[in-house]
Amino acid sequence: MSLHRPRRLRTTAAMRGLVAETRMDPAQLVLPMFVADGIDAPRPISSMPGVVNHTLESLRVAAREAVDAGVGGLMLFGVPRPEDKDATGSCGQQPDGILNRALRLLAEDLGDTTVLMADTCLDEFTDHGHCGVLDDAGRVDNDATLEHYRELALAQARAGAHVVAPSGMMDGQVAAIREALDAEGFTDVAVLAYTAKYASAFYGPFREAVGSSLDGDRRTYQQDPANRTESVRELLADLDEGADMVMVKPAMSYLDIVREVADRSDRPVAAYQISGEYAMICAAAERGWIDREAALDEAVLSIVRAGASIVLTYAAVEIAHRLRLRAGS
C-alpha cells in the first residue's frame with residue numbers, strides 16, 4: 001500500500017501557486033471611503049489605523065490611487081456636519097449634501113474606470129443615529145423609511161453612482177429602491193443589497209468614523225447573530241425584489257453565512273470585512289503579535305474561499321498592490 005503524500009503539492013511557492021484552489025484579484029476588492037463635510041484636511045480615524053475622513057480633494061487623490069492599484073470599486077460614506085443632521089436625515093437627499101457632492105466629483109474624475117458605490121442609508125445623516133425615521137414611540141418605522149430610501153437612491157443615482165447599497169435592513173428596501181430608480185429612468189443603476197447584516201459588536205470603529213449619533217441599538221432591524229437560516233429568507237426576498245448583488249456583513253465572523261448565501265445565490269456575493277475586524281488585525285500587529293500584511297491577506301482570502309466574489313475591505317489598496325507584485329504586473 002503506497003503512502004499518500006499530499007505534501008508533494010506544497011514543496012515550492014511555484015507548486016503551491018499552481019494548485020491553489022482559491023485565487024484573488026484586485027478587481028474583486030472594494031475600498032470603503034469616508035468623506036466628511038466641514039474639515040480642511042484629512043482626519044485620521046484613531047480606531048482604524050491608516051483610514052481617514054477625507055476632504056473632497058483628498059478623496060479624489062485617494063480614489064485615483066485606488067483605481068490605479070487595480071481596486072475594482074469604491075464604496076462611499078458621507079459624514080455631514082453635526083449641525084446638518086436632523087430626524088429624517090434630509091441632508092443625505094440634498095444635491096449639495098457631502099456624499100452627493102463627492103459622488104459627482106468622482107464620477108467626473110473617474111467615469112466608468114471604476115464602480116462607484118454609495119451607502120444608501122440614513123444613519124450617518126440622522127441626529128438619532130438610526131437607519132430609519134422614528135415613529136411617535138421612538139421605534140424605527142419601516143415603511144416610512146422606505147420613502148426616504150427612494151429619495152436617497154435617486155439623489156445618489158443623479159450624482160453619478162453606478163451602484164446604490166441599501167444597508168438599513170428595512171423590509172422591502174430593495175423593491176422600493178428598484179421601483180424608484182426605474183421610474184426615473186435609472187435602469188442601469190445596480191442595487192447591492194445588504195442581505196444579511198448582523199447586529200454585530202464589531203461596528204465600533206465605523207461609528208467613530210461617521211460620527212454616529214446612535215442612541216440605543218439596532219437589534220430590532222439588524223439580524224440576530226444567533227441566527228443562520230434567517231439569512232436565507234432575507235436572501236430569497238432580496239433576489240425576488242430585484243437585487244443585482246447581495247452582501248453579508250460582517251464577513252470574518254460570519255463565514256458560514258457567506259457560504260450559505262453563496263451556495264443559494266445566482267447573483268454576485270459580496271462580503272464586508274468591517275471596521276472592527278480590520279482594527280483587530282491592525283491592533284495585534286501594532287503590538288508585534290502578528291504579521292499585519294500576512295494576516296490581512298489571509299483574512300481576505302478566507303472570505304473569498306467562503307464564497308464571496310467581491311470583498312469590501314479597508315486594506316483593499318495595499319492588498320491590491322501585493323497581488324499585482326506577486327503577479328509581476
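Keep in mind that what you see is a predicted model, and the values were worked out from it rather than measured.
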Legend entry - Worked verdict on Glu179 versus Arg150 for salt bridge (charged side-chain N to carboxylate O under 4.0 Å, His left out): CA-CA 8 Å; Glu179 180 182 30; Arg150 289 171 181 261; 2.7 Å; yes

Inset, instruction - Check Gln223 against Ser231 and note the closest heavy-atom contact, atom names and distance. - result: NE2-N, 3.6 Å

Legend entry - Main-chain N/O of Ser167 paired to Lys197 side chain as donor or acceptor, under 3.5 Å: yes

Inset, instruction - Please check if the side chain of His162 supplies one atom and the backbone of Asp112 the other of a donor-acceptor pair under 3.5 Å. - result: no

Inset, instruction - Output all residues satisfying ring pair (Phe, Tyr, Trp, His ring centres under 6.0 Å) with Tyr278, sequence neighbours left out; order by chain, then residue number. - result: Tyr314

Inset, instruction - Salt-bridge test for Arg305 and Glu21: reply yes if a basic N is under 4.0 Å from a carboxylate O, no otherwise. - result: no

Inset, instruction - Would you check if Pro80 and Lys85 make a side-chain contact, meaning some heavy-atom pair closer than 4.5 Å? - result: yes

Inset, instruction - Please report the closest heavy-atom contact between Ala118 and Leu103, naming both atoms and the distance. - result: CB-CD1, 3.9 Å

Legend entry - Met169 backbone acceptor or donor facing Gln173 side chain under 3.5 Å: yes

Inset, instruction - Heavy atoms only: give me the nearest Ile274-Pro250 pair and the separation to one decimal. - result: CD1-CG, 3.5 Å

Inset, instruction - Establish whether Val311 and Ile281 are linked, either directly or via other cluster members, by ILVMFWY side-chain heavy-atom contacts under 4.5 Å. - result: yes

Inset, instruction - Please indicate whether Arg264 has more than 12 foreign heavy atoms, meaning atoms of other residues, nucleotides or ligands, lying under 6.0 Å from its CZ. - result: no

Inset, instruction - Check the pair Asp25, Leu323 against side chain to side chain contact (heavy atoms under 4.5 Å, CB included), reporting the backbone distance first and the verdict last. - result: CA-CA 7 Å; Asp25 187 276; Leu323 289 172; 5.8 Å; no

Inset, instruction - Kindly indicate, with the supporting measurements, whether the criterion side chain to side chain contact (heavy atoms under 4.5 Å, CB included) is fulfilled by Val140 and Leu134. - result: CA-CA 4 Å; Val140 172; Leu134 306 182; 3.7 Å; yes

Inset, instruction - Please name the residue in the list Ile39, Val61, Asp37 that meets the side-chain contact (heavy atoms from CB on, under 4.5 Å) test with Thr55. - result: Ile39

Legend entry - Check: Val164 main-chain N/O paired with Gln156 side-chain donor or acceptor under 3.5 Å: no

Legend entry - Side chains of Tyr272 and Pro32 in contact at under 4.5 Å (non-hydrogen atoms): yes

Inset, instruction - Any salt bridge (Lys or Arg N to Asp or Glu O under 4.0 Å) involving residues 41-59? Give me the pairs, sequence neighbours left out, ordered by first then second residue. - result: Glu57-Arg60

Legend entry - Heavy-atom side-chain proximity of Cys91 to Glu83 below 4.5 angstrom: no

Inset, instruction - For residues Arg218 and His130, determine if any side-chain heavy atom of one lies less than 4.5 Å from a side-chain heavy atom of the other. - result: yes

Inset, instruction - Check the hydrophobic clustering (I, L, V, M, F, W, Y; side-chain heavy atoms under 4.5 Å; chains of links allowed) and say if Ile45 and Met75 are grouped together. - result: yes

Inset, instruction - For Phe125, check ring pair (Phe, Tyr, Trp, His ring centres under 6.0 Å) against everything at least two apart and list the hits. - result: none

Inset, instruction - Find the distance between OG1 (Thr114) and CG (Asp68) and round it off to the nearest 0.5 Å. - result: 10.5 Å

Legend entry - Residues forming a salt bridge (charged side-chain N to carboxylate O under 4.0 Å, His left out) with Arg267, sequence neighbours excluded: none

Legend entry - Tyr254 vs Pro225 side-chain heavy atoms within contact, under 4.5 Å: yes

Legend entry - Non-hydrogen side-chain atoms of Gln28 and Val304 separated by less than 4.5 Å: yes

Legend entry - Connected via hydrophobic side-chain network under 4.5 Å: Leu239 and Val163: no

Inset, instruction - Give the C-alpha distance, both sets of side-chain angles, the deciding distance and a yes or no for side chain to side chain contact (heavy atoms under 4.5 Å, CB included) between Asp84 and Gln94. - result: CA-CA 11 Å; Asp84 291 335; Gln94 296 168 0; over 6 Å; no

Legend entry - Residue pair Ile98 / Val79, side-chain heavy-atom distance below 4.5 Å: no

Legend entry - By ring pair (Phe, Tyr, Trp, His ring centres under 6.0 Å) - contacts of Tyr149 (at least two apart): none

Inset, instruction - Decide whether Met24 and Met252 are clustered together by the hydrophobic rule: side chain heavy atoms of Ile, Leu, Val, Met, Phe, Trp, Tyr closer than 4.5 Å, transitively. - result: yes

Legend entry - Joint hydrophobic cluster, Met117 plus Phe34, side-chain heavy atoms closer than 4.5 Å: yes

Legend entry - salt_bridge(Glu108, Arg104) N-O dist < 4.0 Å: no

Legend entry - Non-hydrogen atoms of Cys131 and Tyr221 that approach each other most closely: N-OH, 3.3 Å

Legend entry - Approximate separation, where rounding is to 0.5 Å, of Asp263 CG and Arg259 CZ: 4.5 Å

Legend entry - Reported CD1-to-OG1 distance for the pair Ile310 and Thr313, which is rounded to 0.5 angstrom: 14.0 Å

Inset, instruction - Please answer whether the main-chain N or O of Asn100 pairs with a side-chain N or O of Arg158 as donor and acceptor at a distance below 3.5 Å. - result: no

Inset, instruction - Examine distances only and state if a side-chain atom of Glu151 and a backbone atom of His148 form a donor-acceptor pair shorter than 3.5 Å. - result: no

Inset, instruction - Say whether, by atom type as modelled, one donor and one acceptor occur between the side chain of Glu277 and the main chain of Ser253 under 3.5 angstrom. - result: yes

Inset, instruction - Find the distance between CG (Leu152) and OG1 (Thr145) and round it off to the nearest 0.5 Å. - result: 10.5 Å

Inset, instruction - Please check if the side chain of Asn142 supplies one atom and the backbone of Met170 the other of a donor-acceptor pair under 3.5 Å. - result: no

Legend entry - CG (Asp266) with more than 12 external heavy atoms under 6.0 Å: yes

Legend entry - Side chain Tyr198, main chain Val248, donor-acceptor under 3.5 Å: no

Legend entry - Main-chain N/O of Met15 paired to Thr12 side chain as donor or acceptor, under 3.5 Å: yes

Legend entry - Option among Leu312, Val258, Val261 that satisfies the side-chain contact (heavy atoms from CB on, under 4.5 Å) test with Met247: Leu312

Legend entry - Straight-line distance of Leu154 CG to Thr120 OG1, nearest 0.5 Å: 10.0 Å

Inset, instruction - Show your working on side chain to side chain contact (heavy atoms under 4.5 Å, CB included) between Arg178 and Asp244 and close with a plain yes or no. - result: CA-CA 10 Å; Arg178 183 74 270 160; Asp244 299 287; 3.5 Å; yes

Inset, instruction - Give a yes or no on whether Asp224 atom CG has more than 12 heavy-atom contacts from other residues, nucleotides or ligands under 6.0 Å away. - result: yes

Inset, instruction - Report yes if the side chains of Leu106 and Leu76 come closer than 4.5 Å at any heavy-atom pair, otherwise no. - result: yes

Inset, instruction - Find the distance between CG (Leu59) and CE (Met33) and round it off to the nearest 0.5 Å. - result: 4.5 Å

Inset, instruction - For residues Val174 and Gly242, report the shortest heavy-atom separation together with the two atoms involved. - result: CG1-C, 4.0 Å

Legend entry - Within residues 228-242 or reaching into it, pairs that qualify as salt bridge (Lys or Arg N to Asp or Glu O under 4.0 Å) - sequence neighbours excluded: Arg228-Glu260

Inset, instruction - Taking all non-hydrogen atoms of both residues into account, name the closest pair between Pro26 and Ala69 and its distance. - result: CB-O, 4.2 Å

